[in-house]
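In what follows, a single structure is set out as structure tokens and then discussed.
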Amino acid sequence: MTSADVDFGDGTTAHSTDGRFSSYAYKQPGEYKVTLTLQDSKGGKSTATRTVKVDYAASGYVATEPFRLLDTRTTNTPLQGGYARIVNLPNTTSSVPDHVLSGGMASVVLNVTVTGSTEDTHLSVWPSGQPRPATSNVNVRAGGTSSNTVTVPVGADGKIQTQLNSGNASVIVDFVGFYQPNIGERFSPITPARVADTRTAGGPLGGGQTRTVKVAPGGPSRRRRRGCRSSASCVVLRVGPPGG
């Protein structure tokens, strides 16, 4: 063998003359097609391909004293619908003055408030560098105030993003804790996915009624939700009225 080339399936490649490669970390979860090509001294080539599945690392929760990351009211810079806003986090990659906590945090827990909206709308929060999810984190009526606790993975650049679907509104983001691998009770964040929407299936839920929602493998239906593990003992959900 005279050379080896690896295509990691995310646009990144590596070359080696002795077949040795350093470890590689993907920037976001998903399935990737990895291709290894070997070449010998006579020009002959051999190629092998394998699909790998990448997940977020299981982590434990670390609670902190709450502190504010963002308040657009104090800077008079309300969010405008359709435009993403970067939010810095208290880590060594994207530091927040007086609150540098850990460069190893995998996810953060935030209290997110939307107030003074010019119309009925919703807010989404997601890891920086990744596509905006179709799910919402906070739904709010025109002129109203609404808040929600949000758990979101940290982007590869150590930041998160937030975006208002439409209209204008002030946004307040408070930091209350984070998850980090190899400590505390384990938590495995996944890309947000909708598991129930009464607008499209089942119809409205009336007072006093109950409804079963499938969120993990088991029972009569074996269909597996994206990222859900069969060993999960509990889940973190955003439950609220329609809005996104």
- With the threshold set at 4.0 Å, does a side-chain nitrogen-carboxylate oxygen contact exist between Lys42 and Asp40? no
- Check the angle between the aromatic planes of Phe8 and Tyr24 and answer parallel, tilted or perpendicular using the 30° and 60° thresholds. parallel
- Task: Return yes when atom CG of Asp18 has more than 12 non-hydrogen atoms of other residues, nucleotides or ligands closer than 6.0 Å, and no otherwise.
- Result: yes
- Is the number of heavy atoms from other residues, nucleotides or ligands within 6.0 Å of CZ (Arg211) greater than 12? yes
- In sequence, state the C-alpha distance, the side-chain angles, and the governing distance for Val34 and Asp7, and then conclude on side-chain contact (heavy atoms from CB on, under 4.5 Å). CA-CA 6 Å; Val34 180; Asp7 184 334; over 6 Å; no
Backbone of [Y] reached by a side-chain donor or acceptor of [X] within 3.5 Å:
X: Asn137; Y: Val150; value: no
X: Ser117; Y: Glu119; value: yes
X: Ser124; Y: Thr135; value: yes
X: Ser146; Y: Asn139; value: yes
X: Gln130; Y: Pro127; value: no
X: Thr118; Y: Asn168; value: yes
X: Thr121; Y: Ser166; value: yes
X: Ser16; Y: Arg20; value: yes

- Message: Hydrophobic clusters here meaning ILVMFWY residues chained together by side-chain heavy-atom distances under 4.5 Å, can you tell me if Ile86 and Leu164 are in one?
- Response: no
- Query: Under a single-linkage definition using a 4.5 Å side-chain heavy-atom cutoff for Ile, Leu, Val, Met, Phe, Trp and Tyr, are Phe175 and Ile172 assigned to the same hydrophobic cluster?
  - Reply: no
- Task: Can you see which heavy atom on Val140 is nearest to which on Gly144, and at what distance?
- Result: CG2-O, 3.6 Å
- Task: Quick one: closest heavy-atom pair of Phe67 and Pro90, and the distance?
- Result: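 Shortest heavy-atom contact: CZ-CG, 3.7 Å.
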Assess the side chains of [X] and [Y]: does a donor N or O sit below 3.5 Å from an acceptor N or O?
X: Thr77; Y: Thr75; value: yes
X: Asp71; Y: Thr74; value: no
X: Thr37; Y: Asp5; value: no

- Taking the side chain as every heavy atom from C-beta outward, state whether Lys33 and Thr49 have any pair of such atoms under 4.5 Å apart.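 SC-SC contact between Lys33 and Thr49 confirmed.
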- Message: Rounded at 0.5 Å granularity, tell me how far CZ in Arg85 sits from NZ in Lys159.
- Response: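 The distance works out to 13.5 Å.
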- Item | Gap separating the CH2 atom of Trp126 from the CZ atom of Arg132, nearest 0.5 angstrom |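 That separation rounds to 6.0 Å.
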